[in-house]
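Written out below as structure tokens is the structure these notes cover.
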Amino acid sequence: MSEMVAIKGLNQKYDKRPVLSDVNISVMPGSITGLLGPNGCGKTTLIKIIAGLIKDYTGDVKIMGLNPGVETKAVISYLPEKTYLKDWHRAKDAFDMFSDFYKDFDKAKAKELISRLQIEPNARIVSMSKGMQEKLQLALIMSRSAKLYLLDEPLGGIDPATRTMILDMILQNYTEDASLLISTHLIHDVERIFDHVVMMGFGQIIINEPLDAIRVKYGKSLEDIFREVFKC
Amino acid sequence: MQFVSALPIYLQIIQDIKQRIVSGEWQPKMRVPPVRELSVSLGVNPNTAQRALAELEREGLLRTERTSGRFITDDEELIGRVRGEMAEAYADEFLLRMSKIGFRQGETLKFLKQNNERGETK
Amino acid sequence: MLGKLIKHQLRDTARIIPLSLIVVAFFIIATIISVQAGAGVPVILFAVFLLFTGFLAMYFIIGYCVIRFYKNVYGAEGYLTMTLPVAEKQIYASWTVTGIIWIAIGTVFAVISYFVGMDAIFMFSPDDAGNSEEIAMIMSSGFYIIMILGVFIGSLSILIELYFCTTIAHVKPFRKLGLGSAVLAYIALYGIQLLITMPLTFFVPLSVQYIPGTGWQYANISMVSAMTDLMNPNSFSPEHATIGIAAFFWYLVPLIVLPVLTVRMMREKINLK
């Protein structure tokens with residue numbers, strides 16, 4: 001089966017400082033890939049390049065064989081770390097927006113998700129806590145049937161009980177023809193939903209292997225490996 | 001299910017399922033949950049769950065019926081053998097640990113007998 | 001997709017812009033009522049406020065559209081806008097159409113404010129009879145069409161320039177200066193425009209002349225020659241006021257060039273960090 005995401009020789013600079021150096025990654029359909037690394041290692045930049053938000057890179061980036069553009073945006077469901085909804089939007093307004101622009105958006109599913117996540121349907125974004133905003137955005141993203149889900153730190157402001165619920169939701173949403181790329185630093189909780197792991201440091205790929213292979217090779221958990229690699 | 005960090009997850013799943021089969025918790029001919037359901041209930045990646053199930057099938061403990069799904073084998077002999085293998089592995093480990101705390105072989109046997117009697121009177 | 005973008009942007013801007021128009025409407029009505037009532041001081045008061053708010057509302061509309069544009073595309077909302085499956089040129093076009101709709105409405109309000117306000121003020125000036133004739137002549141000669149066009153195109157130009165300036169402020173070398181680069185860019189644009197339009201207005205032989213008693217007409221002389229002519233005691237030309245209009249044709253150029261440049265920057269040079 002051909003790759004969902006194929007990245008070769010990706011380099012990106014910000015003010016002469018290299019942010020990504022010679023990155024080569026493939027993401028296969030049906031895979032849940034973890035993108036791990038300390039802050040500033042380039043994970044977010046990598047995700048933004050795939051999402052089409054950052055264009056000044058050199059190298060080859062292909063999603064389903066296409067360069068980032070209108071067609072790839074239609075099949076990518078992107079969840080950034082920030083809140084990108086309008087202040088005055090209620091959940092209903094966000095649903096309207098998503099159903100207008102994304103053919104694959106399922107409004108009924110979105111309603112079900114927000115009630116499961118205990119999000120106030122009539123509250124305006126500006127009055128919601130950061131955690132609730134994140135949950136709403138997550139619900140929107142998961143209510144699409146996209147081919148590639150890019151989740152940038154999706155569990156940051158969320159309490160442990162909800163985290164488990166969200167991980168279950170991600171697994172329930174799983175289909176063999178879609179891929180997930182999840183960047184996180186909460187390795188311990190999230191590790192077991194990955195089948196592939198990419199660990200980055202200083203803009204470079206340090207580890208890029210199936211999770212079980214890593215466990216066999218290193219004999220320790222990802223979190224321990226992470227700590228070792230990045231100890232100060 | 002709690003997972004240990006150093007072992008591949010799929011191996012841990014295999015162990016777990018084997019335990020359920022040999023203990024009788026999962027009966028022969030019982031239908032095994034489909035991969036998606038299993039992965040959600042265990043909280044693991046579906047490919048990992050699939051790998052575990054495929055391995056168990058290779059070992060003969062699970063059987064796939066093309067249209068109806070996966071089932072536990074009804075080969076009682078195989079189950080018995082697997083139970084025996086697991087028991088041997090646990091026993092080896094137990095003996096090793098006992099020897100590390102200074103028990104010699106005869107002592108271990110005596111200890112077990114005493115322990116067993118104590119258990120029966122409780 | 002374009003229609004949907006416009007729909008959402010109108011919904012977004014319609015939360016605030018109509019408030020400014022309501023204020024103008026209030027003063028229009030107040031001025032008209034006080035004129036009918038023949039009141040003295042209130043008429044002048046309302047009329048002045050009306051003229052003021054009439055044109056302030058226009059600036060408010062332009063400014064608000066620009067702010068919403070740059071927040072929607074370059075702010076946090078940009079993470080959604082720029083990942084929607086729409087081309088950058090559609091995003092730009094939709095914001096321009098939204099701006100046009102509000103500017104059109106604002107123009108109507110501004111022109112009505114001008115005429116109601118001026119009319120109210122002239123009611124109380126000593127040569128009011130003469131001025132009413134003036135106004136009637138202006139209206140009948142279709143000058144008000146030029147005024148409407150002028151306000152509309154002028155406001156639209158400012159909008160397009162500001163969209164350009166806020167975009168260029170987010171392009172890599174200028175990002176560091178932040179808002180400052182947008183301001184500098186606008187000043188630079190304004191300066192360049194002035195440098196181009198001044199000579200065009202004064203020296204190009206294409207003008208409109210107002211001759212008392214006759215009205216407006218086209219004339220193929222430049223403002224400078226008309227003024228030198230007037231100052232020459234030996235000339236035979238009647239009294240007239242000449243305004244060079246060549247610059248009006250120039251205004252079309254940025255209306256085409258700036259959108260093209262803005263869209264190109266949006267497509268290639270904008271990186272949301």
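By convention in this document, chain letters (A, B, ...) are assigned in the order of the sequence lines, proteins followed by strands, and residues within each chain are numbered from 1.
At least one side-chain heavy atom of C/L80 sits under 4.5 Å from a side-chain heavy atom of A/L85. The closest side-chain heavy-atom distance from C/R68 to A/K86 is below 4.5 Å.
Around atom CZ of C/F49, no more than 12 heavy atoms belonging to other residues, nucleotides or ligands sit under 6.0 Å away. Heavy-atom contacts from other residues, nucleotides or ligands closer than 6.0 Å to NZ of A/K13 number 12 or fewer. Applying the 6.0 Å contact sphere to CZ of A/F98 captures more than 12 heavy atoms from other residues, nucleotides or ligands. Within a 6.0 Å sphere centred on NZ of C/K4, heavy atoms belonging to other residues, nucleotides or ligands number more than 12. Around OH of C/Y64, the count of heavy atoms belonging to other residues, nucleotides or ligands within 6.0 Å exceeds 12. By the 6.0 Å contact criterion, NZ on A/K130 is enclosed, its count of non-hydrogen atoms from other residues, nucleotides or ligands being greater than 12. Environment of CD in A/Q172: crowded, with over 12 heavy atoms of neighbouring residues, nucleotides or ligands closer than 6.0 Å. By the neighbour-count criterion of 12 heavy atoms within 6.0 Å, atom CZ of C/R264 is sparsely surrounded, having that number or fewer from other residues, nucleotides or ligands.
In this structure, CH2 in A/W88 is found 6.5 Å from CZ in C/R11, a value given to the nearest 0.5 Å. Considering CG of A/L53 and OG1 of C/T83, their distance stands at 6.0 Å, rounded to 0.5 Å. Atom OH of residue C/Y79 and atom CG of residue A/L79 lie 12.0 Å apart, to the nearest 0.5 angstrom. Note that NE2 of C/H8 and CG of A/D93 are 9.0 Å apart. Values are rounded to the nearest 0.5 Å.
Contact of A/D15 with chain C is made through the side chain alone, with heavy-atom distances under 4.5 Å. For C/D12, the parts lying near chain A are the backbone and the side chain together; criterion is any non-hydrogen pair under 4.5 Å. Looking at C/E268, only its backbone comes within 4.5 Å of chain A, counting heavy atoms on both sides. At a 4.5 Å heavy-atom cutoff, the contact between A/T83 and chain C is made by backbone atoms alone. For A/F101, the parts sitting under 4.5 Å from any heavy atom of chain C are the backbone and the side chain alike. Using a 4.5 Å cut-off between heavy atoms, A/Q12 touches chain C through its side chain atoms alone.
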Test log, rule salt bridge (charged side-chain N to carboxylate O under 4.0 Å, His left out), inputs A/D56 and C/K269: CA-CA 7 Å; A/D56 59 346; C/K269 298 286 183 198; over 6 Å; no

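A donor-acceptor pair under 3.5 Å is absent between the side-chain atoms of A/K82 and the main chain of C/A76, judged by distance alone. Side chain of C/N271 to backbone of A/K55: a donor-acceptor contact under 3.5 angstrom is found. In this structure, A/K73 contributes its side chain and C/A87 its backbone to no donor-acceptor pair below 3.5 Å.
The most heavy-atom pairs under 4.5 Å with chain A, out of C/L84, C/L5, C/T81, come from C/L84.
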